[in-house]
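In each ligand, atom 1 is the first atom listed, and ligand 1 is the first ligand listed. Every heavy atom of this structure was used, including side-chain atoms; hydrogens, water molecules and symmetry mates were not.
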Amino acid sequence: MTGRLEGRLIGLGVCGSIAAYKAVELLRLLRAEGADVVVMLTPSAATFVGPLTFGALSRHAVETDVLGLLPDQRIGHIVVADAADAIVVAPATARWLGAMANGIASDVVTATCLATSAPVLFAPAMDGDMWTHRATRDNVTRLQEAFGYRMIAPETGSLASGQEGIGRLAELPLIVDAVVEAVAGSPIRAGASARPPLVAPSHDPDLEGRHVVVSAGGTAEAIDPVRFIGNRSTGRMGVAIAEAALARGAGVTIVAGRVEVPLPAAATVVRAESTAAMRAAVLDAVIEHPADALVMAAAVADFRPAAAAVTKLTRGEGMTLELEPTEDILAEVGARARARDLAARPVIVGFAAETGSLERAPDKLRRKGADLLVANDVSEPGSGFGTDTNRVVILGADGSRDELPLLTKREVADRLLDRVVALLDERRG
Ligand code: CTP
């Protein structure tokens with residue numbers, strides 16, 4: 001049975017009330033209905049229940065700060081405001097009702113509600129006298145009548161003060177039902193790429209004590225001081241491999257060509273724009289220094305201008321560029337690694353971006369002396385440059401062929417690292 005919130009993104013705003021602990025269960029119920037949930041905490045909510053709990057259960061970074069940025073530098077709460085199908089504030093405190101009624105965006109929950117055009121729901125929880133105070137009544141009226149927010153009214157029962165009265169957070173299934181009703185009939189607002197990213201589940205530290213070198217991005221070959229020959233690589237696949245290796249405990253060096261995505265701060269980064277610079281950096285990291293694996297995810301130029309002009313070329317009459325082949329970095333490292341004893345040899349992984357058939361891939365694996373080759377058809381939808389997903393085949397020097405389904409680049413990275421770990425365990429005993 002599919003959940004009533006399948007495919008939806010729900011923003012869950014939590015304020016500082018004793019009832020904040022119930023928001024953990026509310027998060028679980030929303031997820032059980034199929035929703036992807038991002039949690040926003042006010043500073044005092046975080047003193048009742050920490051972001052770790054909400055982060056682990058939602059698999060999203062928790063928004064606690066209006067100045068917080070996502071890993072790709074987007075402003076976290078604005079992404080939630082723009083992508084959420086609904087925002088539910090539960091528990092909503094008397095302070096929050098006052099802040100919201102007056103548009104005071106000093107905490108991330110209020111700021112997100114101000115910035116969204118999605119339906120907003122709120123479920124108050126507070127002491128009975130606070131609830132019946134004229135200020136609270138006026139604020140609630142303003143939220144409902146002027147802003148169109150839906151309230152899930154508090155109930156009567158025993159309160160945190162020990163007294164009986166009105167002010168208890170509504171029963172959680174009622175809150176879930178209200179969210180379902182609020183989004184019913186409206187299309188899903190945003191797909192995965194417009195949402196805050198999911199945090200990958202943690203992995204065994206099976207690369208602890210290992211050094212993994214990853215090349216990422218595209219190389220650029222100068223035509224003159226202004227122009228270059230480049231390619232469409234964004235570095236996403238290489239960065240996903242570096243992040244996955246870091247999460248598995250490896251020390252990681254990224255040899256980065258031109259990349260469009262942020263590089264993980266925990267990696268050592270060597271910039272290498274041209275093929276010649278990338279060759280020098282890769283040989284240094286893998287051959288001159290001990291490395292356990294090289295993953296050549298970079299899209300390396302096959303040709304470069306035979307001579308780059310020293311000054312900017314003018315338009316003139318048009319021009320003919322003479323190109324010469326570049327050094328094959330992977331083939332060189334592959335050959336040098338194979339000259340070593342198996343026990344001391346790094347695992348060498350190549351990539352083969354093809355258009356159409358992958359039939360040349362086994363030959364490429366042999367030619368380049370790689371242990372593994374990750375082949376994909378970049379012309380296939382969802383695969384290749386600039387996407388978050390990839391469908392690949394992992395070929396092994398042992399003749400194995402592992403056809404993976406369409407996966408996120410991070411999942412592809414982990415499947416590839418599983419193979420790298422297995423080979424390292426074989427070699428290093
Ligand atoms: N590669 C490399 N140095 C180069 C070109 C490619 O190290 N000068 C690496 C890439 O990083 C990739 C693998 O070799 O891991 C395969 O790249 P690809 O461009 O598919 O191979 P080519 O050698 O260009 O083969 P072809 O032109 O026949 O497709």
*Asks:* Under 3.5 Å, is there a donor on one side chain and an acceptor on the other for Ser117 and Arg189?
*Replies:*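 A pair is found: one side chain offers a donor N or O, the other an acceptor, under 3.5 Å apart.
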*Asks:* Under 4.0 Å from any heavy atom of Asp328, which atoms of ligand 1 are there?
*Replies:* 2 (C), 3 (N), 4 (C), 7 (O), 8 (N), 23 (O)
*Asks:* Are Arg248 and Asp206 ion-paired here, with the side-chain N under 4.0 Å from a carboxylate O?
*Replies:* yes
*Asks:* To which protein heavy atom is atom 17 (O) of ligand 1 closest, and what is the distance rounded to 0.1 Å?
*Replies:*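 Minimum-distance protein heavy atom for atom 17 (O) of ligand 1 reads Phe351 O, 3.6 Å.
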*Asks:* Checking Glu359 now: which residues fulfil salt bridge (Lys or Arg N to Asp or Glu O under 4.0 Å) with it, not counting sequence neighbours?
*Replies:*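 Residues passing salt bridge (Lys or Arg N to Asp or Glu O under 4.0 Å) with Glu359: none at all.
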*Asks:* Using a 3.5 Å distance criterion without hydrogens, assess whether the side chain of His60 forms a donor-acceptor pair with backbone atoms of Pro197.
*Replies:* yes
*Asks:* Just need the protein heavy atom nearest to atom 4 (C) of ligand 1, so name the residue and atom and give the distance.
*Replies:*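 Protein heavy atom with the smallest distance to atom 4 (C) of ligand 1: Val300 CG1, 3.4 Å.
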*Asks:* Could you tell me whether Leu330 and ligand 1 have an N or O pair separated by under 3.5 Å?
*Replies:* yes
*Asks:* What protein heavy atom sits nearest atom 3 (N) of ligand 1, and how far off is it?
*Replies:* Ile329 N, 3.1 Å
*Asks:* Under 3.5 Å, side chain of Asp85 to main-chain N/O of Val183, donor-acceptor pair present?
*Replies:* no
*Asks:* With a 4.0 Å cut-off, would you call Glu327 and Arg304 a salt bridge?
*Replies:*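 Yes.
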*Asks:* Counting both backbone and side chain atoms, is some N or O of Lys364 under 3.5 Å from an N or O of ligand 1?
*Replies:* yes
*Asks:* At a 4.0 Å threshold, what atoms of ligand 1 neighbour a non-hydrogen atom of Met296?
*Replies:*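 Matching atoms, with element in brackets: 7 (O), 11 (O), 12 (C), 15 (O).
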*Asks:* Identify, by atom number and element, the atoms of ligand 1 in contact range of Ala301, meaning under 4.0 Å from any of its heavy atoms.
*Replies:* 8 (N)
*Asks:* Please state which protein non-hydrogen atom is closest to atom 27 (O) of ligand 1 and give its distance, to 0.1 Å?
*Replies:*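 The answer is Asp302 OD2, 3.7 Å.
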*Asks:* Hey, which atoms in ligand 1 end up nearer than 4.0 Å to a heavy atom of Gly350?
*Replies:* 15 (O)
*Asks:* Taking distance alone, with N or O pairs closer than 3.5 Å, would you say Val349 contacts ligand 1?
*Replies:*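 Between Val349 and ligand 1, no N or O pair is found under 3.5 Å apart.
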*Asks:* Check whether Glu63 reaches the backbone of Val38 with its side chain - one donor and one acceptor, N or O, closer than 3.5 Å.
*Replies:*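 Checking the backbone N and O of Val38 against the side chain of Glu63, no donor-acceptor pair under 3.5 Å is found.
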*Asks:* Examine the side chains of Ser400 and Arg419 and answer whether a donor and an acceptor come within less than 3.5 Å of each other.
*Replies:* yes
*Asks:* Is Glu332 salt-bridged to Arg336, cutoff N-O under 4.0 Å?
*Replies:*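 Result for this pair is yes, salt bridge flagged.
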*Asks:* With a heavy-atom distance limit of 4.0 Å, tell me whether Ala331 approaches ligand 1 through its side chain, its backbone, both, or neither.
*Replies:* neither
*Asks:* Charged N to carboxylate O below 4.0 Å: is that the case for Arg4 and Asp177?
*Replies:* yes
*Asks:* With a 4.0 Å heavy-atom cut-off (strictly under), which part of Glu327 contacts ligand 1: side chain, backbone, both or neither?
*Replies:* backbone
*Asks:* Give every donor-acceptor pair under 3.5 Å between a side-chain atom in residues 344-351 and any protein atom, sequence neighbours left out.
*Replies:*
unit_1, atom_1, unit_2, atom_2, d
Arg345, NE, Ala337, O, 3.3
Arg345, NE, Arg340, O, 3.3
Arg345, NH2, Arg338, O, 3.3
Arg345, NH2, Arg340, O, 3.2

*Asks:* For atom 14 (O) of ligand 1, what is the closest protein heavy atom, and at what distance to 0.1 Å?
*Replies:*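 Looking at atom 14 (O) of ligand 1, the protein heavy atom closest to it is Lys368 NZ, 2.9 Å.
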*Asks:* Using a 4.0 Å cutoff against the non-hydrogen atoms of Ala298, which atoms of ligand 1 qualify?
*Replies:*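 Those qualifying, in numeric order: 10 (C), 11 (O).
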*Asks:* Tell me the protein heavy atom at minimum distance from atom 26 (P) of ligand 1, and give that distance in Å.
*Replies:* Arg360 NH2, 3.5 Å
*Asks:* Which of the numbered atoms in ligand 1 are under 4.0 angstrom from any heavy atom belonging to Thr326?
*Replies:*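 Answer, ordered by atom number: 8 (N).
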